[in-house]
Trainee: 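Could you have a look at this structure, given as C-alpha cells, before my questions?
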Amino acid sequence: MLRLAEHHVVHRPLVALVGPTAVGKSEVGVHLAQALGTEVLAADSRQVYQGMDIATDKPTAEQRRAVPHRLIDLVAPDQRFNAGMYREAALRELERLYGERKLPLVVGGTGLYVRALIRGLCDAPPSDPAVRAELIDQARRYQKGFLHQELAKVDPEQARLLHPNDEVKIIRALEVQRLSGRPLSDVHRRHRSAVPVHSPLIFGLIRDRQSLYTRIEQRVDTFFMNGLVEETATLLAQGYDRESAAMKGLGYRQVAAFLAGDYDRDEAVRRLKRDTRHFAKRQLTWFRHEPAIVWVTVNDETRSERLAEKLATLIESFLAELADRPMQGADAVSLEAGGVTVG
RNA sequence: GCCGAGGUAGCUCAGUUGGCAGAGCACAGCCCUGAAAAGGCUGGUGUCGACAGUUCGAUUCUGUCCCUCGGCA
C-alpha cells in the first residue's frame, strides 16, 4: 500500500505499463495495482466501447473486483471517440487519484493514447465530421493523388512527410488547415517545445516473438470459444454497422465479414490471427522508439506477482528520487539503462 | 509392379516459344499527435528434385534415377 506525499504529488508522477497485445500486461497490471494500492487506468482505444468485451479482452469480473479499472466502457460503439477525449478523461482520473494520494497506473497498448496523456496533444482542433466527410468525398471523386497535391499547396512540409497513399493522415492534415487556418506541421513544431507536466515511469513488457505469436493465436481461439461470433452478431443486430470505427477493430471486423458471407469461419479465425500478429508488430515498432521506456522481458515462466513486486521496488526508488528533484518541468526518468529480467 | 499427375521462395502456385524466375500468403524493418486494434511505406539468390546428354547457353528440350499424390494391380 503506497500513499503519495505532497512532495510527490507536485511532480504529478505516474507509472505506465505498455507493450504489444497479448504480452501479459493486464495480469501484471492487476498485481501491480494491488501492490501499490491503486487502480488500473486503461490506455486502450477499444476497451472504451460498451458491449465490445470479448475481442477487446476486457478485464474479467474477477480482476475488476480485485482492482478498480477505469477508462473502460466510456461510450457506445457508434459514438465518436479519439485521443483527445481519452486525454481529458484520463486527466480527470489522474487528478482524482492524486487527491486520494494514490499513484496512477496506466496500463495499455494504445501508444498514441499513452503519448497523448504524457506528452499532451498539439494545439490542433479536434476532428470535425462535416469537414472530414467533405474531404473523404473529394478523395472519392478526384484522382488518386489529388488530396496530397492539395496539401502540398497549403502545407508542403507536412505533404513531404506523408506518402500520397496515406489518405487518413492527409485528410487529417487538411482538416486541421481548414479548421484552424494553420498548417499542421506548424502546430506540431510548436508543440514539440511544450514542457510535460507529468513525471512518468514507463515499463515496456516484451517477450520472445515466437512466444508472443503463440499467445496471440491461443487468445484468438479463446475469443471464439467465448462467443465472439455471438457478441458480434448482437452488435450488428443493434444496428452498429461494419463501417463504424468501433466495428473496424480486430475481431469484430473479421467476424462481421464472416457473418456477411465474405468468407467462412476458419478464414475469419485465420485472418484475425494474422491481423493481430501484424498489429502486435506495429505496436512493438511504436514503443521501441518511444523514449525512456524501461524494458522488462518476460517469458512463460514469469510469475506476474513476482514481477509486480519487482516493479513496485523500482517504483519506490523512482518516487524517492523524484522527491529530491527540483520542481520544474518533469523530464524523463533515469532508470532506463539495462532493462529488467525477471524469471 | 504398371498407368497418370506433379516436384520452382517458409507455404500455395504461376512462368520462362531455351538467355540464371515471380505473385499471393507468411515473415522482417519502418512511419505515425483528436479514425491509432485505424491508416501508410519498404524488403525476394531461391542448388527452379538429382545426375547425365543436346546446345554458345538448360529451371525450360531429351534420357535415367529419386521423391510425393492419385488410379489399377
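Proteins come first, then strands; the chains are lettered A, B, ... in the order of their sequence lines, and each starts at number 1. No experiment lies behind these values; they were computed from the predicted model shown.
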Trainee: Determine whether more than 12 heavy atoms belonging to other residues, nucleotides or ligands lie under 6.0 Å from atom CD of A:Glu62.
Mentor: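 Result for CD/A:Glu62: open.
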Trainee: Which value, rounded to the nearest 0.5 Å, describes the distance between A:Leu201 atom CG and A:Leu314 atom CG?
Mentor: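 The CG atom of A:Leu201 sits 7.5 Å away from the CG atom of A:Leu314.
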Trainee: OP1 or OP2 of B:G34 less than 4.0 angstrom from a side-chain nitrogen or oxygen of A:Arg87, does that happen here?
Mentor: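 A:Arg87 to B:G34 OP1/OP2: no side-chain N or O under 4.0 Å.
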Trainee: In whole angstrom, what separates A:Asp275's CG from B:G40's P?
Mentor: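 A:Asp275 atom CG is separated from B:G40 atom P by 12 Å.
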Trainee: Which part of the nucleic acid, if any, lies within reach of A:His148 when heavy atoms closer than 4.0 Å are counted: base, sugar-phosphate only, or nothing?
Mentor: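 It contacts nothing in the nucleic acid.
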Trainee: Minimum heavy-atom separation for A:Tyr49 and A:Ala76, please, with both atom names.
Mentor: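 The pair with the smallest heavy-atom distance is CD2-O, 3.7 Å.
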Trainee: Closest to the A:Val168 side chain: B:G40, B:U33, B:A38?
Mentor: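 From the listed options, B:A38 comes nearest.
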Trainee: Would you measure the distance from the C1' atom in B:G71 across to the matching atom in B:A50 and give it in whole Å?
Mentor: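 Rounded to whole Å, the distance is 27 Å.
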Trainee: Looking at side-chain heavy atoms only, is the closest gap between A:Asp186 and A:Pro183 below 4.5 Å?
Mentor: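 They are in side-chain contact.
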Trainee: Just checking A:Thr56: base, sugar-phosphate only, or nothing, at a heavy-atom cut-off of under 4.0 Å?
Mentor: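 Here A:Thr56 touches the bases of the nucleic acid.
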Trainee: Taking CE from A:Met85 and P from B:A35, how many angstroms apart are they, rounded to a whole number?
Mentor: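 In whole Å, B:A35 P and A:Met85 CE are 11 Å from each other.
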Trainee: Between A:Ala83 and A:Thr110, just flag the one whose closest nucleotide in RNA chain B comes earlier from the 5' side.
Mentor: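 Nearer the 5' end of the strand: A:Ala83.
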Trainee: Roughly, in whole Å, what's the span from CD in A:Glu217 to C1' in B:C27?
Mentor: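 Interatomic distance, CD of A:Glu217 to C1' of B:C27: 13 Å.
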Trainee: Searching all strands shown, indicate the nucleotide that pairs with B:A9 (Watson-Crick or G-U wobble; both distances under 3.5 Å).
Mentor: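 Per the H-bond distance test, none.
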Trainee: Just to be sure I understand the rule, does A:Tyr213 reach a base, reach only the sugar-phosphate, or reach nothing, if contact means heavy atoms closer than 4.0 Å?
Mentor: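 The answer is sugar-phosphate, as A:Tyr213 gets under 4.0 Å only of primed atoms, P, OP1 or OP2.
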Trainee: Whom does B:G1 pair with, Watson-Crick or G-U wobble, provided both distances fall under 3.5 Å?
Mentor: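 Because both required distances fall under 3.5 Å, B:G1 counts as paired with B:C72.
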Trainee: Pick base, sugar-phosphate or nothing for A:Arg270, based on heavy-atom distances below 4.0 Å to the nucleic acid.
Mentor: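 Sugar-phosphate, backbone atoms only, no base.
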Trainee: Look at all strands and tell whether A:Asp44 reaches a base, only sugar-phosphate, or nothing, counting heavy atoms closer than 4.0 Å.
Mentor: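 Counting heavy atoms under 4.0 Å across all strands, the contact made by A:Asp44 includes a base.
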Trainee: Now, which nucleotide makes the Watson-Crick or G-U wobble pair with B:U60, with each of the two distances under 3.5 Å?
Mentor: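 Partner of B:U60: none.
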Trainee: Go through the N and O atoms of the side chain of A:Arg132 and the base of B:A35, and report whether any donor-acceptor pair is under 3.5 Å.
Mentor: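 For A:Arg132, whose side chain was compared with the base of B:A35, there is a donor-acceptor pair (under 3.5 Å).
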Trainee: Between C1' on B:C27 and NZ on A:Lys281, what's the gap in Å once rounded to a whole number?
Mentor: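 From A:Lys281 NZ to B:C27 C1': 8 Å.
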Trainee: Assign A:Thr285 to base, sugar-phosphate, or nothing according to its heavy-atom contacts below 4.0 angstrom with the strands shown.
Mentor: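 If one applies the 4.0 Å heavy-atom cut-off, A:Thr285 turns out to touch a base.
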Trainee: Identify whether the glycosidic angle of B:G34 places it syn (within 90° of 0) or anti.
Mentor: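 Here B:G34 takes the syn form, which means its glycosidic angle is within 90° of 0.
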Trainee: Mind checking the NE2-CG spacing from A:His188 to A:Leu121? Nearest 0.5 Å is all I need.
Mentor: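 That separation rounds to 9.0 Å.
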Trainee: Considering only the P atoms, how many Å lie between B:C27 and B:C11, rounded to the nearest integer?
Mentor: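 Taking atom P in both B:C27 and B:C11, they lie 15 Å apart.
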Trainee: For B:A14, give the paired nucleotide (Watson-Crick: N1-N3 plus N6-O4 or O6-N4; G-U: N1-O2 and O6-N3; both under 3.5 Å), or none.
Mentor: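 B:A14 is paired with nothing.
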Trainee: Whether A:His163 contacts B:C31 is assessed here as follows: a side-chain N or O lying under 4.0 Å from the phosphate OP1 or OP2. Is that the case?
Mentor: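 Checking A:His163 against B:C31: no side-chain N or O falls below 4.0 Å of OP1 or OP2.
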Trainee: With a cut-off of less than 4.0 Å, is there a side-chain N or O of A:Arg282 near OP1 or OP2 of B:G39?
Mentor: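 No, outside the criterion.
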Trainee: When the P atoms of B:C66 and B:C25 are compared, how many Å lie between them, rounded to an integer?
Mentor: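 Looking at atom P only, B:C25 and B:C66 are 39 Å apart.
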Trainee: Look at A:Arg12 together with A:Glu95 and state whether they make a salt bridge at an N to O cut-off of under 4.0 Å.
Mentor: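 A:Glu95 and A:Arg12: salt-bridged.
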Trainee: According to a strict under-4.0 Å criterion, is A:Arg277 in side-chain N/O contact with OP1 or OP2 of B:C27?
Mentor: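 For A:Arg277, the contact criterion (side-chain N or O under 4.0 Å from OP1 or OP2 of B:C27) is met.
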Trainee: Hey, does A:Ala280 reach any base, or is it just sugar-phosphate, or nothing, if we go heavy atoms under 4.0 Å?
Mentor: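 A:Ala280: no heavy atom of the nucleic acid under 4.0 Å.
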Trainee: Any side-chain N or O of A:Tyr113 less than 4.0 Å from the OP1 or OP2 oxygen of B:A36?
Mentor: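 Checking B:A36 against A:Tyr113, a side-chain N or O does come within under 4.0 Å of OP1 or OP2.
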Trainee: Go through B:U33, B:A35, B:C31 for me and flag the one nearest to the A:Cys122 side chain.
Mentor: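 Ranking B:U33, B:A35, B:C31 by closest atom to the A:Cys122 side chain puts B:U33 first.
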Trainee: When all nucleic acid strands are considered with a 4.0 Å heavy-atom cut-off, which category describes A:Phe81: base, sugar-phosphate, or nothing?
Mentor: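 Sugar-phosphate only.
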Trainee: Does the base of B:A35 carry an N or O that pairs as donor and acceptor with the side chain of A:Lys169 under 3.5 Å?
Mentor: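 Side chain to base: no pair present.
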Trainee: Base, sugar-phosphate or nothing for A:His191? Non-hydrogen atoms, less than 4.0 Å.
Mentor: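 Base contact.
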Trainee: Measure the distance from CD on A:Gln254 to C1' on B:A38 and round it to the nearest whole Å.
Mentor: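 From A:Gln254 CD to B:A38 C1': 13 Å.
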Trainee: Which part of the nucleic acid, if any, lies within contact of A:Arg288, taking any heavy atom under 4.0 Å across all strands shown: a base, the sugar-phosphate backbone alone, or nothing?
Mentor: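 Sugar-phosphate, no base atom in range.
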Trainee: Any side-chain donor-acceptor pair under 3.5 Å between A:Ser185 and A:Asp155?
Mentor: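 Short answer, yes.
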Trainee: Which is true for A:Gly251 with a 4.0 Å heavy-atom rule: it touches a base, it touches only sugar-phosphate, or it touches nothing?
Mentor: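 No contact at all - A:Gly251 keeps every heavy atom at 4.0 Å or more from the nucleic acid.
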Trainee: A:Glu27 and A:Ser304: side-chain donor and acceptor closer than 3.5 Å?
Mentor: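 Indeed, the side chains of A:Glu27 and A:Ser304 share at least one donor-acceptor pair under 3.5 Å.
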Trainee: Indicate whether OP1 or OP2 belonging to B:A35 is found under 4.0 Å from a side-chain N or O atom of A:Ser127.
Mentor: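 Yes, because at least one side-chain N or O of A:Ser127 sits under 4.0 Å from OP1 or OP2 of B:A35.
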Trainee: Closest nucleotide of RNA chain B for A:Arg253 versus for A:Asp128: which of these residues is on the 5' side?
Mentor: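 Mapping each residue to its closest nucleotide by heavy atoms, the 5'-most match is A:Asp128.
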Trainee: Applying a 3.5 Å limit to both distances, which nucleotide forms a Watson-Crick or G-U wobble pair with B:G43?
Mentor: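 When the pairing criteria are applied, B:C27 turns out to be the nucleotide that pairs with B:G43.
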Trainee: In whole Å, what separates the P atom of B:U60 from that of B:G19?
Mentor: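 One P to the other, the span is 11 Å.
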Trainee: At less than 4.0 Å, is any side-chain N or O atom of A:Arg172 found next to OP1 or OP2 of B:A36? Yes or no.
Mentor: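 Checking A:Arg172 against B:A36: no side-chain N or O falls below 4.0 Å of OP1 or OP2.
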Trainee: Could you check whether the side chain of A:His188 and the base of B:U33 have a donor-acceptor pair of N or O atoms closer than 3.5 Å, going by distance alone?
Mentor: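 Absent.
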Trainee: Salt bridge between A:Arg119 and A:Glu290, side-chain N to carboxylate O under 4.0 Å?
Mentor: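 Yes.
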Trainee: Looking at A:Asp166 and B:G39, is any side-chain donor or acceptor paired with a base atom of the opposite kind under 3.5 Å?
Mentor: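 Flag set: donor-acceptor pair detected.
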Trainee: Taking only N and O in the side chain of A:Asn165, is any of them less than 4.0 Å away from OP1 or OP2 of B:G39?
Mentor: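 No, because none of the side-chain N or O atoms of A:Asn165 sits under 4.0 Å from OP1 or OP2 of B:G39.
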Trainee: Base, sugar-phosphate alone, or nothing: which one does A:Tyr252 contact when heavy atoms must sit under 4.0 Å apart?
Mentor: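 If one applies the 4.0 Å heavy-atom cut-off, A:Tyr252 turns out to touch nothing in the nucleic acid.
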Trainee: Could you measure between the two C1' atoms, the one in B:U33 and the one in B:G29, and give it in whole Å?
Mentor: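 To the nearest whole Å, 23 Å.
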Trainee: What is the distance, rounded to the nearest whole Å, between atom CD of A:Gln283 and atom P of B:A36?
Mentor: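 Interatomic distance, CD of A:Gln283 to P of B:A36: 13 Å.
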Trainee: Taking any heavy-atom pair under 4.0 Å as a contact, classify A:Arg209: base, sugar-phosphate, or nothing.
Mentor: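 If one applies the 4.0 Å heavy-atom cut-off, A:Arg209 turns out to touch the sugar-phosphate alone, with no base involved.
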Trainee: Can you tell me the pairing partner of B:U33 across any strand shown, Watson-Crick or G-U wobble, with both distances under 3.5 angstrom?
Mentor: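 Pair assignment: B:U33 / none.
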Trainee: Return yes if a side-chain donor-acceptor contact under 3.5 Å exists between A:Arg219 and A:Thr276, otherwise no.
Mentor: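 Checked: A:Arg219/A:Thr276 side chains show no N/O donor-acceptor pair below 3.5 Å.
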